[in-house]
Amino acid sequence: MISKTTCFFSAVMALSVLVVKAQEPVSVESLLREMVDRDAVARYPEKNFRLKQHSSYNRASTTPNEPAGWFNNKDNNTSDKDKCFVRVEENNGRKEWVLMDHEGPGAIVRTWVPWRGHSNASTDINLRIYLDGDVEPVLEGNMLSMFDGSGLIPYPFAHPSLRSAVNFFPIPFAKNCKVTTDQMPFFYQITYRQYDEGTPVKTFTMEDFEAAKGLTGETGKLLLNPGSGTEQKASGSAEPKGLETSATILPDGDQSLDLPTGSASVRELTVKLGSYEDPNVTRQVVLKMEFDGKETVWCPIGDFFGTGIGLNPMQGWSSTVAEDGTMTCRWVMPYQNSGKVSLLNLSAAPVDAKLIVRTGDWDWDERSMYFHAGWHGQYPVQTRPYSDWNYITLKGRGVYVADTLTIMNPVERWWGEGDEKIWVDAEDFPSLFGTGTEDYYAYSWGGVSTDFYEHPFHAQPRAHKYNKLNRKPEAKALVRNTLGYSVESRSRALDTMPFGSSLQLDMEVWSWTDCEMGYGVGMSWYGFADTESNREPEPAEVLNVPPVPDPENAPAVSSADSFKDAVEIIPEQILSKPDGIVLKFQDLRKMKFKGKWNLGTHQLFKGAQVGDAIEIRIPATSDGAERLALYATKSNDFGILRFSVNGKPAGEEVDLYAAKPVPTGAIELGDFEPVENAYVLRVEMAGKNSSSKDTFFGLDCVTLSLPTNESTDAKQ
């Protein structure tokens, strides 16, 4: 009887502790503790939330059924015509641009803002954060220094990544949050937790920030010394147990470790290969894991640990790849009865491998989830037409925690304009709509940011030919060459993504070049026994390693109906035009006209009068001067055009009259310096040929190239 009473009393006490914990408010301190609590992420959130994001994505993106808007690449604000923010309002007699306005309890958990230009690491824009309806901001300061670690919020929470400022310090609020700037914002992303209504939250104050400085310092040290975090274990657990095996794994063979039976958890997992001389070995050796009789992990070790193709060392909170090839993962992986870890060799040669697993006890409860990791690869991936490439689609309940993207780009020009689009619980529109692939991975200006960087929650272990062992020389800081492999990694702590019924993560394929790329992505998530994924093992694609072309002997990558380095003229790029000018898209291939147009199409401009002008924004691809050439159409009812670029005369007048529709070929406009990372092309109707029936005109595209007197190694 005493034993039963004692057990009953213990159970009641344990339940009471859980109830008290559930009633504790979300606060700066609770979120800092959660950030480095490795056990917490393996349980479904005690205080339910969904991750949301406000960003400067283009508001023309409304539905995949309208591709011109859905894949619009203008995700920033550069003129009064841009509306990539919430609204403009007056506060205390001053004009402010609203970037975020959320009602209900929540917490900002990630903020990203880029440099204004490739080499402009400053801004005079001030940012203000208002909480719970207060008319005075709780935080106010320079938009970059507030989040780059040089201001109030310390490193590593706020830090400078490649040409960006990123912050992970939590800012909780009980009722509402509004974020504004005192000037038009450029690009931005503000990611936040939306808690269920009624969730107790202690709103951020400067007093709380000061009081938490000790905990902030301790948390920062843990983040920068991730190995120390593996000693955390479930309450009452014994010291972690170590299991180890070393073997030569033959082609199509595997090597396995059976885990201790009973309720337990993997605390740390390490793999080291005997040689990385063949970089493809990290793609062709696959990690497999089973928990309670179900395979939940199937992923190439490169994309699982974050090294991608080859050995690219990096250190993060969840994974580390050491310079000697030791790869370590620290996600906690609980199970109820049994577990098994295996390495599968899909390569054509034997592989020497060491596998070490450290396990500890686990108190399995109704919120405990299984760890999952999957992989999806594809080569070739066509960059035209623009498309969304699905990382993963999940059904059921769980929490998404990490991904590593490995890209093979066959050309020098930038490949990563594509935005992430994340639908949670079958929503009608993505609750997270990004502004570029590099922004998702927390850096910017990807065309020149081809260097190694690392942070506890994200990294670029490789870009072009550079990694931690081969850094980009300072003298080549602005060289634009993204040919070859790039590896982008992101793991989540406070910005994990819980889902109650489904999650779909897509990434736009948006390169500046019409070419064939290679994509491979490893994803990690937690889920319950009935959570399902659309990612099955892809052994054939693992062996389909995308080849990197030899730049010296590579053929032209433009397709038969596209021009090299062309920017297509589309309506979304038109900054101004008279009301009388009507636009019409025409597919000239279907109309069977002879000649070559970029993508076989052009924009027809009808109704122009002599003296009318339109202005078109052409995005720059370099910090320095570029040579612009316009491609257009001639026809029997077209007029004479005059041009300028950024307010300066460009090229010569061009008579677009011809007896029948034909392409003009290159109309050389000249060499120009970009203004705010773009060129404004002004096209004026100057008159018409006496033989022409009207003053219509048709514009195809603009190509950008280096001025012939510049070294291709100095600016790309």
Side-chain angles (χ1 to χ4, degrees), residues 51-58 61 70-76 84 108-115 147 159-168 186-192 303 306 308 314 316-318 376 381 386-392 400-407 409 414-424 430-447 449-450 453-463 482 486-497 503-511 517 519-525:
L51 196 72
K52 305 285 185 178
Q53 182 169 278
H54 282 280
S55 78
S56 58
Y57 82 93
N58 195 295
S61 302
W70 192 246
F71 297 111
N72 191 308
N73 188 46
K74 181 70 166 61
D75 295 321
N76 61 345
C84 300
I108 295 176
V109 292
R110 178 185 184 267
T111 306
W112 166 89
V113 292
W115 291 8
F147 298 135
H159 78 107
S161 66
L162 294 177
R163 293 174 170 80
S164 290
V166 191
N167 173 53
F168 292 92
F186 189 35
F187 288 88
Y188 68 89
Q189 292 182 4
I190 303 170
T191 309
Y192 62 100
D303 293 303
M314 52 79 68
W317 174 244
S318 61
H376 177 41
V381 175
Y386 304 118
S387 63
D388 290 327
W389 194 76
N390 178 242
Y391 276 27
I392 195 167
Y400 186 89
V401 296
D403 47 67
T404 293
L405 175 66
T406 301
I407 288 286
N409 180 29
W414 174 233
W415 54 266
E417 294 292 327
D419 308 335
E420 81 273 13
K421 299 162 184 176
I422 306 174
W423 288 263
V424 179
S431 51
L432 295 100
F433 200 125
T435 56
T437 308
E438 79 271 43
D439 312 344
Y440 176 83
Y441 290 105
Y443 68 105
S444 63
W445 301 111
S449 293
T450 46
Y453 85 97
E454 65 183 5
H455 178 267
F457 300 134
H458 47 80
Q460 181 170 251
R462 178 188 174 100
T482 62
S486 292
V487 182
E488 320 292 343
S489 186
R490 177 174 178 178
S491 64
R492 298 167 178 267
L494 296 182
D495 59 334
T496 58
M497 294 192 292
L503 181 143
Q504 176 181 331
L505 196 167
D506 293 346
M507 188 70 73
E508 283 182 355
V509 177
W510 211 116
S511 166
M517 295 179 61
Y519 273 67
V521 64
M523 301 79 56
S524 300
W525 69 97

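Position 1 is the first residue of the sequence; numbering continues from there.
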Quick one: do Leu505 and Asp403 satisfy side-chain contact (heavy atoms from CB on, under 4.5 Å)? Show the steps, please.
CA-CA 11 Å; Leu505 196 167; Asp403 47 67; 4.1 Å; yes
Check against side-chain contact (heavy atoms from CB on, under 4.5 Å), Leu51 and Val424:
CA-CA 9 Å; Leu51 196 72; Val424 179; over 6 Å; no
Determine whether Lys421 and Glu508 satisfy the following criterion, side-chain contact (heavy atoms from CB on, under 4.5 Å), listing intermediate values before the conclusion.
CA-CA 8 Å; Lys421 299 162 184 176; Glu508 283 182 355; 2.7 Å; yes
For the pair Asp75 and Phe187, evaluate side-chain contact (heavy atoms from CB on, under 4.5 Å) and give the outcome as yes or no after the intermediate values.
CA-CA 7 Å; Asp75 295 321; Phe187 288 88; 3.9 Å; yes
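Rounding to the nearest 0.5 Å places CG of Asn58 at 4.5 Å from SG of Cys84. A distance of 11.0 Å separates CD of Gln460 from OH of Tyr441, quoted to the nearest 0.5 Å. Atom CH2 of residue Trp415 and atom CD of residue Glu438 lie 7.5 Å apart, to the nearest 0.5 angstrom. One finds the CZ atom of Phe457 at 14.0 Å from the OG atom of Ser161 (value rounded to the nearest 0.5 Å). In this structure, CG on Leu503 lies 8.0 Å from CD1 on Ile392, to the nearest 0.5 angstrom. Taking CD1 of Ile422 as the start and NZ of Lys52 as the end, the distance is 11.5 Å to the nearest 0.5 Å.
The ring pair (Phe, Tyr, Trp, His ring centres under 6.0 Å) search around Trp525 returns His372, not counting sequence neighbours. Every residue meeting the ring pair (Phe, Tyr, Trp, His ring centres under 6.0 Å) condition with Phe433, not counting sequence neighbours, appears here in chain and number order: Tyr57, Trp70, Phe429. By the ring pair (Phe, Tyr, Trp, His ring centres under 6.0 Å) test, His376 is found to be paired with Trp389, residues two or more places apart in sequence or in another chain being considered. Every residue two or more places apart in sequence or in another chain was checked for a side chain to side chain donor-acceptor pair (under 3.5 Å) with Ser524, and none qualifies. Asp506 pairs by the side chain to side chain donor-acceptor pair (under 3.5 Å) definition with Asn390, Gln504, not counting sequence neighbours. For Phe71, the ring pair (Phe, Tyr, Trp, His ring centres under 6.0 Å) test picks out no residue, with sequence neighbours left out.
Judged by distance alone, the side chain of Trp445 and the main-chain N or O of Trp115 form a donor-acceptor pair under 3.5 Å. Here the side chain of Thr496 pairs no donor or acceptor atom with the backbone of Arg492 at under 3.5 angstrom.
Ile407 is not listed as a side-chain neighbour of Glu488, based on a closest heavy-atom distance of 4.5 Å or more. The closest side-chain heavy-atom distance from Arg490 to Asp495 is below 4.5 Å.
Taking both residues in full, the closest heavy atoms of Arg110 and Gln189 are given as NH1-OE1, 3.0 Å, listed atom of the first, atom of the second, then distance. Gly522 and Asp303 make their closest contact through N-CB, 3.8 Å (heavy atoms, listed as atom of the first residue, atom of the second, distance). Looking at every heavy atom in both residues, Thr406 comes nearest to Gly308 through OG1-CA, 3.4 Å. Annotation for Gly306 and Ser489: closest pair CA-OG, 4.4 Å, computed over non-hydrogen atoms. Taking both residues in full, the closest heavy atoms of Gln53 and Gly434 are given as NE2-CA, 3.9 Å, listed atom of the first, atom of the second, then distance. Closest heavy-atom contact between Ser491 and Pro456: OG-O, 3.6 Å.
Ring planes of His159 and Phe168: parallel class, angle under 30° (limits at 30 and 60°).
Under the 3.5 Å distance criterion, with hydrogens and angles disregarded, a donor-acceptor pair is assigned to the side chains of Trp112 and Ser164.
A side-chain contact (heavy atoms from CB on, under 4.5 Å) with Thr191 is found for exactly one of Thr111, Ile108, Leu432, namely Leu432.
Aromatic ring centres of Tyr453 and His458 lie closer together than 6.0 Å.
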